[in-house]
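Report on one structure; see the data block that follows.
Sequence lines set the chain letters: A, B, ... in the order given, protein chains first and strands last, and positions in each chain run from 1.
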There are 4 protein chains.
Amino acid sequence: MSPPRRPGRPPSQLARTKILKTAHDMLIKDGFGRLTVEAVAAQSGVGKPTIYRQWANASELAMAALMSGGPVKLEESGTNLRSALTAQMRSLVQAFATTRGRQITMTLAAADPESEYTKAFRNQVILSSREAGRALLQEATVRGEVTLPQDVEVLLDMIYGPVYYRLLVGHRPLDAGFAESIVAIALDAVANADRKPR
Amino acid sequence: MSPPRRPGRPPSQLARTKILKTAHDMLIKDGFGRLTVEAVAAQSGVGKPTIYRQWANASELAMAALMSGGPVKLEESGTNLRSALTAQMRSLVQAFATTRGRQITMTLAAADPESEYTKAFRNQVILSSREAGRALLQEATVRGEVTLPQDVEVLLDMIYGPVYYRLLVGHRPLDAGFAESIVAIALDAVANADRKPR
Amino acid sequence: MSPPRRPGRPPSQLARTKILKTAHDMLIKDGFGRLTVEAVAAQSGVGKPTIYRQWANASELAMAALMSGGPVKLEESGTNLRSALTAQMRSLVQAFATTRGRQITMTLAAADPESEYTKAFRNQVILSSREAGRALLQEATVRGEVTLPQDVEVLLDMIYGPVYYRLLVGHRPLDAGFAESIVAIALDAVANADRKPR
Amino acid sequence: MSPPRRPGRPPSQLARTKILKTAHDMLIKDGFGRLTVEAVAAQSGVGKPTIYRQWANASELAMAALMSGGPVKLEESGTNLRSALTAQMRSLVQAFATTRGRQITMTLAAADPESEYTKAFRNQVILSSREAGRALLQEATVRGEVTLPQDVEVLLDMIYGPVYYRLLVGHRPLDAGFAESIVAIALDAVANADRKPR
DNA sequence: CCTTAAACGAGACGGTACGTCGAGTCTTTCC
DNA sequence: GGAAAGACTCGACGTACCGTCTCGTTTAAGG
């Protein structure tokens, strides 16, 4: 009933905070490739074992740092699918069109895909918007606005995949019209219409 | 008229081949994270400087190894857009649904995005199918099969991005129906129809 | 009063011992030219950085290894200058007439003459016998056995220099009579005598 | 009857000269430790094999460079042993009191003591003055100026050894009075005298 | 209040790989 | 057919980090 508190000195919340702060700054400034446990320890004034006690390697630390700001907040105001989805995509693109987006991509690429830590990162940072989008689509279906294709998963990938595709490949920037264009094309594919009889 | 041959011992084509072969095998077997110049040199019986004379680091070497098999061959038979695009996507998915696909993704993520080598890799390995797809779409437009949206670039990203998205994030496999589903949804977005008057 | 212990894990005395032992063996067996930090690390089962943390390069390591056996012990029994100096020279020649002597010479030649490490090596290994000899000469002067020349430094160089000269140039071996001959000639130069009036 | 000309392109005397010049400059400027075949080839505009065709390694090249200026010229004017020997020692000290002296010492220390090249270097550069000194001593003996000790070799080592001893150990400079002091002490040891009856 | 136990900083440890330099050899074209 | 140029294999360099391991020092909970 009592909180099962173990004896001994409890982990320092301050140390954890300093580590994550330093790691995040370093990620933004120098990129994932320069994020070393050694440097984070030195710069945050913390011993290396204190880091290794919480994260197994630099990838996990990077993921923790990228998650530490809380989940990406997505605006989803909108009375119909188009406006809601556009608002969401706009804030998503805005959040990723920075250095941070590229670092998230690189961190994910470097992470052990089987690790629990990686799965949590994936769900919180990468797939949460995809799930939000799925909800929007389902609501719109209920409202009769759209008719979803058989394979909704693929539709979702077609909406959210291009964001990471551009970050990864870098052939084109994540710019302003990107969100609108995606929504427009996606809705053309699913929009209900008397005009789409067959 | 004579071939402008420089003096000195010419680079050994054999060495180059052995290096690329070893690097490719190592990529497939152990992954990009384990591909070290040291190990490639040791395993291919080549000196490290011989590797560094041609590639600046492990990333470039990995890209060279992944390109050394020649470009991915895409089937594009088909009389209409749907069949041609489906054939292409099928062979693309098949080519990437292996370990190689994941390694290509990780290699690209780790590469210096500004390097000339990276750009070549991107064009040859990642974007060549996208360009082929663009050609298919344009031909179909000429034939009157489809009406392209304003932002064709985004449409192309929606077709090819999901492949890398799934490789990168790993939330779903690149399976059989994937190619068909993408083509189906994409064509729904652009298919010409009297049924889509305005 | 308490020993001023710095924080952190203390250097491993075992590692240091293993390194010096290995380096010394290698010096005697293969010579200074073959003493590489790489080989010492491999053979002593120690990481390279552990060596570099204590010595800046192979020269310093070699000097440390040559000093690690403690200073050369010189016998100096003798009631008069001749017997004392002869005893000292005999043990000096014996100590240097081995491979070790040649390695000391080569190590000294290769060392940075300005380095503090080199100076310590010089004083402990090369000049300590010279200083002992100076003491013997001074005592004998006090006893009235000899009259020293103006430039005692040169006299000392004439006594001890030939040892290293033969090691370096190799024109003649460091053999048994060498010690006696040097002492005999040196004493001829300084021996007091009514026979050497003015 | 025809001059015995071998076929093929004759060795370039110019190349040889350039190599030796470059090697000598490099020795004086950067020291023996920095004299690499690579650098000499690059700086003299000659291929490495051209160097290796004539010298087996950097040591031999260094010795050749140090010998290329011709033997050290020693003044030996003097009517009696003291003046002749002093003149000789003065010019010897002067010749070696420069960077060149130290490089000669280091080169000798690094050379393979068994090699023919090393022996030639030793005889021409190191021991020639010693032999000249032996001649002076013998002439003086004939003239009745001095009585040589049993072991003349050791006496010679005591005269010439200190020069290299100071160069090698560096505890004292090769300065002006050095030559005089050595001669003075040496002559005290061998000077004939009624004053030295026993 | 005073053990007890864990987390702390510091930093050395054995390792792996880095990217560079130089050695000495080999292969080609040029005189 | 040797000179010259330059790529080759090889080995060692000295550095950066890895992830682990003592150390001696806090810091809190529980006896």
Could you tell me how far apart [X] ([atom1]) and [N] ([atom2]) are, to the nearest whole angstrom?
X	N	atom1	atom2	result
A:Gln43	E:dA10	CD	P	14 Å
A:Leu14	E:dA7	CG	C1'	13 Å
A:Lys18	E:dC8	NZ	P	10 Å
C:Gln13	F:dT22	CD	P	17 Å
D:Glu38	F:dG6	CD	C1'	10 Å
C:Asn57	F:dC13	CG	P	10 Å
A:Arg34	F:dT15	CZ	P	18 Å
B:Glu60	E:dG19	CD	C1'	14 Å

### Task
Go through the structure and list residues passing side chain to side chain donor-acceptor pair (under 3.5 Å) with C:Arg16, not counting sequence neighbours.
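Result, side chain to side chain donor-acceptor pair (under 3.5 Å) vs C:Arg16: C:Gln54.
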[X] versus [Y], closest heavy-atom pair with distance:
X	Y	value
A:Ile19	A:Ser44	CG1-OG, 4.2 Å
A:Val37	A:Tyr52	CG1-CE1, 3.6 Å
C:Leu35	C:Ala62	CD2-CB, 3.6 Å

Which of these nucleotides, [options], is closest to any side-chain atom of [X]?
X	options	value
C:Thr36	F:dC13, E:dG19, F:dA28	F:dC13
B:Ser12	F:dC17, F:dC8, E:dA17	F:dC8
B:Pro10	E:dT27, E:dC18, F:dC13	E:dT27

### Query
For residues 45-54 of chain A, which residues have at least one heavy atom under 4.0 Å from DNA chain E?
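Here the set is A:Gly45, A:Val46, A:Gly47, A:Pro49, A:Thr50, A:Arg53.
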Point-to-point distance, once rounded to the nearest 0.5 Å, from [atom1] of [X] to [atom2] of [Y]:
X	Y	atom1	atom2	value
C:Thr99	C:Lys29	OG1	NZ	12.0 Å
D:Trp55	D:Thr50	CH2	OG1	10.0 Å
A:Ile104	A:Met67	CD1	CE	10.5 Å

#### Entry: D:Ala58 vs B:Leu35, nearer the 5' end of DNA chain E by closest nucleotide
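It is B:Leu35 whose nearest nucleotide is closer to the 5' end.
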### base_contact_polar (F:dC21 base, C:Arg9 side chain, donor-acceptor, <3.5 Å)
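It does, because a donor-acceptor pair links the side chain of C:Arg9 to the base of F:dC21 below 3.5 Å.
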#### Entry: End axis versus end axis in the helix from E:dT3-F:dA29 to E:dC31-F:dG1, the angle rounded to 10°, five pairs used at each terminus
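For the helix from E:dT3-F:dA29 to E:dC31-F:dG1, the axes at either end differ by 10°.
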### Query
So do A:Tyr117 and A:Ser59 actually touch side chain to side chain, heavy atoms under 4.5 Å?
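They are not in contact (no side-chain heavy atoms under 4.5 Å apart), so the answer is no.
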### Greater than 12 external heavy atoms within 6.0 Å of C:Lys21's NZ
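Open: at most 12 neighbouring heavy atoms sit under 6.0 Å from NZ of C:Lys21.
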